[in-house]
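I have placed the structure first, in the form of structure tokens, so that the comments after it can refer back to it.
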Amino acid sequence: MVKNITIFTTSTCAYCPMVKKYLGAKGLAYDEVNLDQNPERQQEALALSGALTVPVTVVTKHDDSREIVVGYNLAKLAPAVA
């Protein structure tokens, strides 16, 4: 069961809207952190994902375990939010 979803995005990211649309279609709420508007959180996104790319989707479960999905990767995202 999913407790919280956070997506790190940028304004120019082509895949970010696809992740948001997918989650929306599943009826899942999420928090969006636009790194263009919140550059101070870039280190956080990098530390979580190990990647300098977006989207970085952080799925926090009810047991507080976290699954990090980098990019538009439905093979990882779908089971993470299931």
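As a basis for the values below, the full set of heavy atoms in this structure was taken, side chains included, without hydrogen atoms, waters or symmetry mates.
No salt bridge links Lys3 with Asp63; every basic N to acidic carboxylate O contact stays at or beyond 4.0 Å.
The same ILVMFWY cluster, assembled from side-chain heavy atoms under 4.5 Å apart, contains both Tyr22 and Ile5. One hydrophobic cluster holds both Val2 and Leu77 under the rule that ILVMFWY side chains link at heavy-atom gaps under 4.5 Å. Taking hydrophobic clusters as Ile, Leu, Val, Met, Phe, Trp and Tyr residues chained together by side-chain heavy-atom distances below 4.5 Å, Val59 shares a cluster with Tyr15.
When all heavy atoms are compared, the tightest approach of Met18 to Ala14 is SD-O, 3.8 Å. Nearest heavy-atom pair across Val19 and Gly71 is CG2-O, 4.1 Å. Across every non-hydrogen atom of Pro55 and Tyr72, the tightest pair is CG-N, 4.3 Å.
Side chain of Lys61 to main chain of Ala80: a donor-acceptor pair is present (N/O by atom type, distance under 3.5 Å, no hydrogens or angles). The closest donor-acceptor contact from the side chain of Asn38 to the backbone of Arg41 lies at 3.5 Å or more, if one exists at all.
Lys21 contributes atom NZ, which lies 15.0 Å from atom SG of Cys16 (distance to the nearest 0.5 angstrom). The structure places CG of Asp31 at 5.5 Å from CG of Asn4, a figure rounded to the nearest 0.5 Å. Taking CG of Leu23 as the reference point, atom NZ of Lys26 lies at 9.5 Å (rounded to 0.5 Å).
Counting only heavy atoms from C-beta outward, the side chains of Lys20 and Ile7 approach each other to under 4.5 Å. In this structure, the side chains of Asn73 and Val70 stay at 4.5 Å or more apart for every pair of heavy atoms. Residues Thr57 and Val81 are not in side-chain contact: their nearest non-hydrogen atoms beyond the backbone lie 4.5 Å or more apart. With contacts defined as side-chain heavy-atom distances shorter than 4.5 Å, the pair Tyr30/Thr6 does not qualify. Between Thr9 and Val33, every side-chain heavy-atom pair lies at or beyond the 4.5 Å cut-off. Side-chain contact between Phe8 and Glu44 is present, with at least one heavy-atom pair separated by less than 4.5 Å.
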Hey, mind stepping through Ser11 and Asp36 against side chain to side chain donor-acceptor pair (under 3.5 Å) and telling me if it holds? CA-CA 7 Å; Ser11 303; Asp36 293 331; 3.0 Å; yes
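Atom CD of Glu40 has more than 12 heavy atoms from other residues, nucleotides or ligands within 6.0 Å.
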